[in-house]
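Take a look at the structure below.
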Amino acid sequence: MKLKNIFSSFFIIILISCSEKTEYSKFIRLPENHRWLKTDTKLFEFTIVDDSKLYDIAFEFSHIADYQFASIPIKIDIKNPSNKEEFHNIDFNIVDKNGKPLADCGGDICDLSMKIIEKTKLVKGKYQIKIGHSFKGEYLPNVIGIGVKVSQAK
């Protein structure tokens, strides 16, 4: 019995030590009709206090299962503390090249994350990230919400 407890404790310690350290995480849930309007650009603001580390910035997307599009056009604007802007237009894949969904789904809700920036130095100060889409219609349907996660790179 003691060996089992020791093994369980060791396993938990390994998991905790291997996990990434999140500096910022925010998820914005959309209205109940699950429509992300083209005019509804979302704003995320965070502050970096330790510029000696490398960081990853990820875009998080939650949608209704069996999403009708293979990818969606996402626009990301990142403004650093000196007000320099970096623009990213991303073809955000919902399925892989074989048509298999990339998201983790639980019931009818699916969550998908994609790193926008990996292992990069971020200077100290306040950052702004604006996220929108350039879908052809007035709105992108079946979107539960979007988010941004900033974590120390592994």
Side-chain angles (χ1 to χ4, degrees), residues 4-50 53-80 86-122 127-154:
K4 183 178 179 182
N5 288 340
I6 291 171
F7 178 72
S8 295
S9 297
F10 179 72
F11 183 70
I12 290 170
I13 290 169
I14 296 255
L15 283 176
I16 291 170
S17 65
C18 291
S19 66
E20 62 188 20
K21 183 169 186 269
T22 301
E23 298 293 323
Y24 170 84
S25 182
K26 183 176 180 183
F27 185 81
I28 300 172
R29 188 170 291 281
L30 295 177
E32 287 186 27
N33 65 5
H34 305 300
R35 293 179 175 181
W36 184 11
L37 298 175
K38 185 176 261 181
T39 58
D40 188 16
T41 299
K42 300 298 184 189
L43 176 65
F44 302 87
E45 296 179 312
F46 61 94
T47 302
I48 294 295
V49 287
D50 185 352
K53 308 234 185 294
L54 296 177
Y55 294 93
D56 294 333
I57 300 176
F59 168 63
E60 298 182 329
F61 184 76
S62 185
H63 63 84
I64 305 290
D66 298 322
Y67 204 64
Q68 65 266 46
F69 306 110
S71 66
I72 52 174
I74 299 294
K75 301 182 304 182
I76 300 172
D77 174 9
I78 302 172
K79 187 185 290 186
N80 71 17
E86 204 178 295
F87 298 96
H88 300 266
N89 290 311
I90 298 170
D91 191 27
F92 186 70
N93 292 321
I94 306 297
V95 298
D96 66 15
K97 63 183 176 185
N98 298 318
K100 181 181 175 199
L102 294 169
D104 290 326
C105 297
D108 61 349
I109 297 174
C110 299
D111 299 316
L112 187 55
S113 182
M114 178 179 127
K115 289 182 182 172
I116 305 164
I117 295 175
E118 293 184 78
K119 297 180 181 175
T120 191
K121 283 260 196 202
L122 296 177
Y127 286 78
Q128 287 186 343
I129 298 179
K130 293 179 187 174
I131 300 180
H133 67 82
S134 54
F135 183 70
K136 292 177 184 168
E138 290 179 36
Y139 62 87
L140 188 59
N142 298 322
V143 180
I144 295 170
I146 65 167
V148 167
K149 184 176 176 181
V150 179
S151 52
Q152 288 182 16
K154 293 181 184 179

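Here the structure is a predicted model, which is why all the values come from computation and not from measurement.
- No side-chain heavy atom of Leu102 sits under 4.5 Å from any side-chain heavy atom of Ile94.
- The shortest distance between side-chain heavy atoms of Gln128 and Leu43 falls below 4.5 Å.
- With a 4.5 Å cut-off on side-chain heavy atoms, Ile74 and Ile76 count as touching.
- Using a 4.5 Å heavy-atom threshold, the side chains of Phe44 and Tyr24 count as touching.
- Remark: Lys38 does not engage Asp40 in a salt bridge, criterion side-chain N to carboxylate O under 4.0 Å.
- The distance from atom CZ of Phe87 to atom NZ of Lys75, rounded to the nearest 0.5 Å, is 10.5 Å.
- Of all the heavy atoms in Ile131 and Trp36, the pair that sits closest is O-CZ2, 3.7 Å.
- Note: Glu86 CD to Asn80 CG = 8.0 Å, rounded to the nearest 0.5 Å.
- The shortest side-chain heavy-atom distance between Asp77 and Thr41 does not fall under the 4.5 Å cut-off.
- Counting heavy-atom neighbours within 6.0 Å of Lys26 NZ, excluding the residue itself, gives a total of 12 or less.
- Looking at every heavy atom in both residues, Tyr55 comes nearest to Leu122 through CB-CD1, 3.7 Å.
- At least one side-chain heavy atom of Phe61 sits less than 4.5 Å from a side-chain heavy atom of Ile72.
- Around NZ of Lys130, the count of heavy atoms belonging to other residues, nucleotides or ligands within 6.0 Å does not exceed 12.
- With a 6.0 Å radius and a threshold of 12 heavy atoms from other residues, nucleotides or ligands, Phe46 has its CZ atom above the threshold.
- When every heavy atom of Cys110 is checked against every heavy atom of Ala65, the shortest pair comes out as SG-CA, 3.6 Å.
- Within 6.0 Å of atom CG in Asp66, 12 or fewer heavy atoms from other residues, nucleotides or ligands are found, so the atom counts as exposed in its surroundings.
- Between the Asp96 side chain and the Asn98 main chain, a donor and an acceptor come within less than 3.5 Å of each other.
- Under the 4.5 Å side-chain criterion, counting only non-hydrogen atoms from C-beta, Ser62 is not in contact with Val143.
- Without hydrogens or angle criteria, His133 side chain to Phe135 main chain gives a donor-acceptor distance under 3.5 Å.
- In Glu138, the CD atom is not crowded: 12 or fewer heavy atoms of neighbouring residues, nucleotides or ligands sit closer than 6.0 Å.
- The side-chain heavy atoms of Lys149 and Ile57, taken from C-beta on, include no pair separated by under 4.5 Å.
- Side chain to side chain, Asp91 and Ser71 meet the donor-acceptor criterion of an N or O pair below 3.5 Å.
- Of the inter-residue distances, the one linking Leu112 atom CG with Ile146 atom CD1 reads 13.0 Å to the nearest 0.5 angstrom.
- The local environment of NZ in Lys121 is crowded, with over 12 non-hydrogen atoms from other residues, nucleotides or ligands closer than 6.0 Å.
- Between His63 and Tyr67, the angle of the ring planes lies from 30° to 60°, which puts this pair in the tilted group.
- Expressed to the nearest 0.5 Å, how far CG of Asp111 lies from CD1 of Ile144 amounts to 7.0 Å.
- Using a 3.5 Å distance cut-off with no hydrogens or angles, the side chains of His34 and Glu32 do not pair a donor with an acceptor.
- The distance from the CD1 atom of Ile117 to the NZ atom of Lys119 is 14.5 Å, given to the nearest 0.5 Å.
- Here CG of Leu30 is found 5.5 Å from NZ of Lys42. Values are rounded to the nearest 0.5 Å.
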